[in-house]
Number of protein chains: 2
Amino acid sequence: MATGRTHRPATRSRGIPEATVARLPLYLRALTALSERSVPTVSSEELAAAAGVNSAKLRKDFSYLGSYGTRGVGYDVEYLVYQISRELGLTQDWPVVIVGIGNLGAALANYGGFASRGFRVAALIDADPAMTGKPVAGIPVQHADALEDIVRDNGVSIGVIATPAGAAQQVCDRLVGAGVTSILNFAPTMLTVPDGVDVRKVDLSIELQILAFHEQRKAGEDAAADDDAAPAPAAVKGAAAAAAAAAAMDEADPKGTDGEAPAVMPA
Amino acid sequence: MATGRTHRPATRSRGIPEATVARLPLYLRALTALSERSVPTVSSEELAAAAGVNSAKLRKDFSYLGSYGTRGVGYDVEYLVYQISRELGLTQDWPVVIVGIGNLGAALANYGGFASRGFRVAALIDADPAMTGKPVAGIPVQHADALEDIVRDNGVSIGVIATPAGAAQQVCDRLVGAGVTSILNFAPTMLTVPDGVDVRKVDLSIELQILAFHEQRKAGEDAAADDDAAPAPAAVKGAAAAAAAAAAMDEADPKGTDGEAPAVMPA
DNA sequence: CAATCTTTGTGCACACGTTCACAAAGACAT
DNA sequence: ATGTCTTTGTGAACGTGTGCACAAAGATTG
């Protein structure tokens, strides 16, 4: 191995830490609200409070973008809105395709805020022929066969996957093959993509499970203490099987209709 | 295992790192898939690959739960499913209320995986009287007036907010007041809650903006370099104002119908 | 029963992220 | 102008998370 150098190009982004990038949209939203109220400047303290973060963190975050503040005064709201927008790439148009127009896909298509940030829904795609042509959010659904053409014709580089888990990888492969390099995945599957393609995952079930964990903590460990003297594996087989069975169904689509999204997917 | 199988050492209650907790659902999903295929045991290497994480990280994560593996063999799938389920609190029933039955709320209500993990949709709540009584996913929508009663009668401790941003804090306050101590927030607002209440946020617009950032990076910094020689604030006022206006609309609900969720909210 | 082989559990070093605390920068009043 | 007062920008300490590398544990084989 001789000095493991197999790191991935995580921080190649001109030095802006990933954690900071993740907070920029948060700041942008708070700044936008201030801008609407015609507030000319904000201090790091005020803005941090509005965004729900530590003020020192906010200042450090902004310092990665450059020195846009004025000591003794604060930050120019309009200017900062512009700088962050530009940094995030929101000053340009991002055509997006949504694949899998089930409940969730339809909900996303209807989301007005989509268009408001430079994101434009270029097409809705579903594998179910019955859906083809049916307008959702004013946009006619197109059949999955046209996926590659749509992506190429519109120069789409961001794809949203809202299909059942079983179809996600396949859809992902086709999107990537057609030129998509960023994917927002709502299906409960781990996607495999080539280098250079970004995947972000939104998973409701995971969020809920994390909440449940903390909730259980808060409720006291008494209840958990009962079955704590963990019996041998064989003894818990019953419980384990039950848990497995209960948890099982989100892995495979019961209906098996791989190409469409009959139910909301995220969890 | 005769007597002390360890797993008691440090960390029973406080020691499980947040990062580990966030990965447990991931492992659980992978394990569930294996369980379905009746695979008896997995090595950390295999499971890590299936979950998309580093195998050393996985082993360390499991070590926080206790020593459930067998050297030379791996982990007993069923047993691990049970242990993780228990640790996450999924062996008990979690009644959940969804507030704001717009596009997203309806999508969530229809999500089958909800019920499959110990999460039970106890009620759907919307402020729009026109929605009251209308069945969504087989459950009749109830009016917001009944929120407190519903929460108390069902012992709900987890609430899902899918309302417009403008209503989120108010709904949150009422949920908390009624006894909810964990909230999953889909509205694009920062919620203020008392100590002891957990909030997790799912924000589509933020995810997309993060993707856009990386996408812009990949596209080359040439384009960005143009307007990089940032002119004085005054000079960019026009652009800044345009960006602000474009970004503005996700902050306030255009329709102003505070109590309902006419459009999907998350972004 | 001993040798061998596989895989866990973890010590360690390093990278990343957060927070404090404060000097320097600049506005503003006098 | 000069001094005061506010607020930024950042060095440094600290905490958390990650990944390597390896010894110990135990299965398996002859």
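Computation of the quantities below employed the complete heavy-atom set of this structure, encompassing side-chain atoms and omitting hydrogens, waters and symmetry-equivalent molecules. The sequence lines fix the lettering, A, B, ..., with proteins before strands; numbering per chain opens at 1.
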Residue B/E18, side-chain atoms from C-beta onward, closest of C/dG17, D/dG17, C/dG26: D/dG17
Whole angstrom value for the distance that separates P of D/dT16 from OH of B/Y64: 11 Å
Length of the CD-P vector between B/E46 and C/dT8, whole Å: 9 Å
Touch class at under 4.0 angstrom, heavy-atom based, for A/A56 against every strand present: base
Phosphate OP1/OP2 of C/dG17: any A/N54 side-chain N/O under 4.0 Å: no
Euclidean distance, atom CG of residue A/L58 to atom P of D/dT8 [Å, nearest integer]: 9 Å
Interatomic distance where CD belongs to A/E45 and C1' belongs to D/dG9 [whole Å]: 14 Å
Quiz item: A/K60 side-chain donor-acceptor pair to C/dT18 base, under 3.5 Å: no
A/R59 CZ to C/dC22 C1', straight-line distance once rounded to whole Å: 11 Å
Sugar-phosphate only, base, or nothing, as touched by A/Y75 at under 4.0 Å among non-hydrogen atoms: sugar-phosphate
5' priority, DNA chain D, between B/K57 and A/G69 [closest heavy atom]: A/G69
Gap between atoms CZ and C1', on B/F62 and C/dT10 respectively (whole Å): 16 Å
Polar contact flag, side-chain donor to acceptor under 3.5 angstrom, A/D61-A/Y27: yes
For atom CG of A/L65 and atom P of D/dT8, their distance in whole Å: 15 Å
Among C/dA27, C/dT8, D/dT18, the one nearest B/R71 by side-chain distance: C/dT8
A/W94 side-chain N/O to A/G89 backbone N/O, donor-acceptor pair under 3.5 Å: yes
Salt bridge flag under 4.0 Å for residues B/R23 and B/E18: no
Ring centre gap for B/F62 and B/Y75 strictly below 6.0 Å: yes
Pair A/R217-B/D198, salt bridge (charged side-chain N to carboxylate O under 4.0 Å, His left out): steps then yes or no: CA-CA 11 Å; A/R217 272 293 148 76; B/D198 278 310; over 6 Å; no
Phosphate OP1/OP2 of D/dT8: any A/S44 side-chain N/O under 4.0 Å: yes
Distance, rounded to the nearest Å, where B/Y79 contributes OH and C/dT8 contributes P: 16 Å
Distance below 4.0 Å between B/R23 side-chain N/O and D/dT18 OP1 or OP2: yes
